[in-house]
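What follows is a set of notes on a single structure, which appears directly below.
For the numbers below, each heavy atom of this structure counts, side chains included, while hydrogens, waters and symmetry mates do not. Chain identifiers are assigned alphabetically (A, B, ...) following the order of the sequence lines, protein sequences preceding nucleic acid strands; residue numbering begins at 1 within each chain.
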Amino acid sequence: MSKYNPHEIEPKWQRFWEERGLMKAREEGEKYYVLEMFPYPSGDLHMGHLKNYTMGDALARFKKQQGYSVLHPMGWDAFGLPAENAALKFGKHPAEWTFDNISRAKESLNLMGILYDWDREVTTCTPDYYRWNQWIFIQMYKAGLVYRAGGLVNWCPKCQTVLANEQVVEGRCWRHEDTLVEKKSLEQWYLKITAYADRLLKDLDKLEHWPEKVKAMQRAWIGRSEGATVRFALEGREEALEVFTTRPDTLFGATFMVIAPEHPLTLEITSPEQRAAVEEYVRAAQLKSEIERQTEDREKTGVFTGAYAINPVNGRKVPIWTADYVLYGYGTGAIMAVPAHDQRDFEFAKKFGLEIVPVIKPADADLPEPLQAAYDGPGVMINSGEFDGLANEEGKKRVTAWLKERGLGEATVTFRLRDWLISRQRYWGTPIPMVHCEKCGVVPVPEDQLPVVLPEISDVEQIRPQGKSPLEAHPEFLNTTCPKCGGPARRDADTMDTFFDSSWYYLRYTDAHNERLPFARDKADYWMPVDQYIGGIEHAVLHLLYSRFFTKFFHDQKMVGVDEPFERLFTQGMVMGWTDYGPVEVEGERVRLSEEARIRLELESAELTLDEVKKMGAELRPHEDGTTHFWKPAVMSKSLGNGVMVGPFVREQGADIARVTILFAAPPEKEMIWTEEGVQGAWRFLNRVWRRVVEDEEALKTLSAGFDPGALEGANKELYRKLNQTIKKVTGDIEGLRFNTAIAALMELLNALYDFRKGNEPNAVYKSAVLSYLQLLAPFAPHIAEELWHRFYENSVFDARWPDYDESALAADTITLVVQVNGKVRARLEVPADISKEEALELAKEQENVRRYLEGKELVKEIYVPGKLVNLVVRG
RNA sequence: GCCGGGAUGGCGGAAUAGGUAGACGCAACGGACUUAAAAUCCGUUGGGGGUUUCCCCCGUGCGGGUUCGAGUCCCGCUCCCGGCACCA
């Protein structure tokens, strides 16, 4: 009998699928669009890279088997910093490095048997893709969604470029965790994503099949607040100071105001006596990074400006302070401070001895005197003139209306979301298709002149970032003529944020070779929305928010019918690998790590107890050289060197084994730890499949698979039932991406096939079960399934229609009836499935062990759950 | 602090309309086969106890509750993971 040998069969079937164009999208019938977030091309892949592609491939194959018109495309998010950095490091042009990585990554994907429609491959760094970035940019410009503005921007000193707000994480660059983002004043291009803030927020409710976590993160990021704008007249000046507040009901308690140091009015309103102090404070604030502002133990700082404003409701003269706890970027950059009802204002007032006037008190209690902390709960208004006695929620509306009537303010909605800064001072990106003309100002490049091609710079040194765009140094690129007046002009030298590229690539797949448009509406409408999108949680706000924005823009432009791109979103867990953190000293219960390991593990102390080691999921393992090493699972990565590389693994063990290992080890949304034992389990499973089929191959070939399901009995009937239960289970599990339980069900059915063969010869029922089995296995382990399928058929297993289950075969003839007394199980008995309630109860009461519990007690209630259990409730 | 998600054997995890807790796999142990090992096959494996073909008690982070019956529902906690965080 032949042995299961993945190396023999895997390349063979990969070629077969390739030749048959198995995953070519055909655009006929009911569609299904499966998409994994396209990767940054990073060369040889490890198992961590492959988890979502394996999931997507299993789903795509399954949908194909179900007869859907499937789109499963792949592409490369190929512009960006890593290519530049690698280029500089190895002295290669970014393009060369990128295309080399693409071909190596493709090889890894092919080795795993992951099928795509490569005819629709998209590579964002090619002119035939990025010209549409430029085209879209211009359409947005025409729609008034692109603007150029000066002001403070985030600057990463490592990247030597500006960043979008979304790319600043805890005050640091998203690519450089150790690098604090600086502020610079620059004129840059922005996309007006805030114009869509309300829709981006509201439509989250439509995304039923998105993880709650992602929606919560987007809601928080968009940050909608309802409140009021209030104008405070400035003493001795014409203009007013505008503030935003969510608590107009506390307006009578506004005893001072705070204006952000960066606010243009700050220095303007400052009195001569306070000028020196304020200027000093403003300068100090500018030098502080965001992170410093946040980590200063929250101790409030600030300076009196010497200016006063008039509280519009009570005419009170209130001092204006400047303090960095007020952010220039939010609301109006100034606040009315109500220390009695806002903890931050309270702390500030306490520190600087400012007045605290309570204006809300709890309905059924009094506020403590003096206040120990701000009271921010509900209550009724006090010290508020005509509004006294109103519930504060009602007060919000009434005070706002009062302000509105007098032209002093109005209801306002404020968002935390900022417009998207998309200029980048880097080489490897899409040139911004704008021309600066001295006479005409900023002029978009006419559509028929697109693409503005990124010049090939052969000297790698010239692409090195220097704080301004490398393209500035290329006159042949820079100098052009104005499309409007024909006079001399300069091109914009910045490139686009690469998140622009990834905001619409899923639409390009629907019509990848269109030379007139980024995509034709009929193609996009056929395929969109993406039915299942799979990717990492790290894009919860960035890519997934930008893509939603783009889709809504395209929708408004009548370019596509949908206004949300991704019907179902799945965020997969990461793949971890056991990682060696080097030698440790062990003394009894104590373990001492090296300083290097302590830092890598982000531990406070290098000293651990054995108990702590266990708690953190780590292990001590003997090393070859006789020392003991500290091992712990960590996310697979190149830098940790713990990645199991696809090429070597597939060549030594096999693609199907890798696929089953990944899909079975844990629920797909959770992190999985890749282990040798897990691989062993997958190998044993597939081997058992192989042997079960091959051992019976000759016998099965001579049998027909036809039989009358209604006439089955005994073991045949049981096997048929198990098969149908498994079809139902596996079908449902794949739909829900529960691959781990689908494979568990397949293992159970395999065990049932083995059990059947212990007492029975192969027959028609068995043959039908084996063939269906191969179909059910095919999404997960396609090569072995295809190989074994071909022992019986000429055609691909993926051309055979996914099996339906026979509803009438699911129920067993006999069931295990559980008998409980007062909810505790006292007996189990085999009974016919269609047993009547009366019979079941009677039978239950006859049981020896049940009678013991009924003896001398009063039977007060009898519960019968058909097909499941009897519960007898007794008293006494 | 706020928001989201969790907590089930030695381990990964099942139980997806409140109804047999621990499917499936891993690891471990015992046995068969073998000169031996690997592979394979059979069996045992939540804890405790007993009169040991069987029976009892305990058991899904903790404390209450609803129910004939709770891993599942409700209330109150603890801890863990993730996100946000001076956002007015």
*Please check the phosphate of B:C86 (OP1 and OP2 only) for any side-chain N or O of A:Lys300 closer than 4.0 Å.*
no
*asked:* Can you see if the side chain of A:Asn849 gets near the phosphate of B:C56 - specifically, an N or O under 4.0 Å from OP1 or OP2?
replied: yes
*State whether A:Lys824 places a side-chain N or O below 4.0 Å from either non-bridging phosphate oxygen (OP1 or OP2) of B:C58.*
yes
*Please check the phosphate of B:G4 (OP1 and OP2 only) for any side-chain N or O of A:Arg219 closer than 4.0 Å.*
no
*Using a 4.0 Å heavy-atom cut-off across all strands, classify A:Glu677 as base, sugar-phosphate, or nothing.*
sugar-phosphate
*5′-ward residue of the pair A:Ile537/A:Lys868 relative to RNA chain B*: A:Lys868
*Check every strand shown and say whether A:Ala220 touches a base, only sugar-phosphate, or nothing at a heavy-atom separation below 4.0 Å.*
nothing
Could I get a table of every N or O pair under 3.5 Å where one atom is in the protein and the other is in nucleotides 48-53 of chain B?
none

*Across all strands shown, which nucleotide pairs with B:U40 by Watson-Crick or G-U wobble geometry, both distances under 3.5 Å?*
B:A32
_B:G25, OP1 or OP2 - any side-chain N/O from A:Asn751 closer than 4.0 Å?_
yes
*Is any side-chain nitrogen or oxygen of A:Tyr330 closer than 4.0 Å to OP1 or OP2 of B:A85?*
no
*Taking only N and O in the side chain of A:Ser225, is any of them less than 4.0 Å away from OP1 or OP2 of B:A88?*
yes
*Aromatic ring pairing A:Phe348/A:Phe352, orientation class (parallel under 30°, perpendicular over 60°, tilted between)*: tilted
_With a cut-off of less than 4.0 Å, is there a side-chain N or O of A:Lys861 near OP1 or OP2 of B:C68?_
yes
*Roughly, in whole Å, what's the span from NZ in A:Lys614 to C1' in B:G10?*
7 Å
*Syn or anti: how is B:U40 classified when any glycosidic angle within 90° of 0 counts as syn?*
anti
Atom pairs, protein N/O to nucleotides 39-43 of chain B N/O, distance under 3.5 Å:
residue: B:U40; atom: O3'; partner: A:Arg691; partner atom: NH2; Å: 3.2
residue: B:C41; atom: OP1; partner: A:Arg688; partner atom: NH1; Å: 3.1
residue: B:C41; atom: OP1; partner: A:Arg691; partner atom: NH2; Å: 3.3
residue: B:C42; atom: OP1; partner: A:Lys758; partner atom: NZ; Å: 3.4

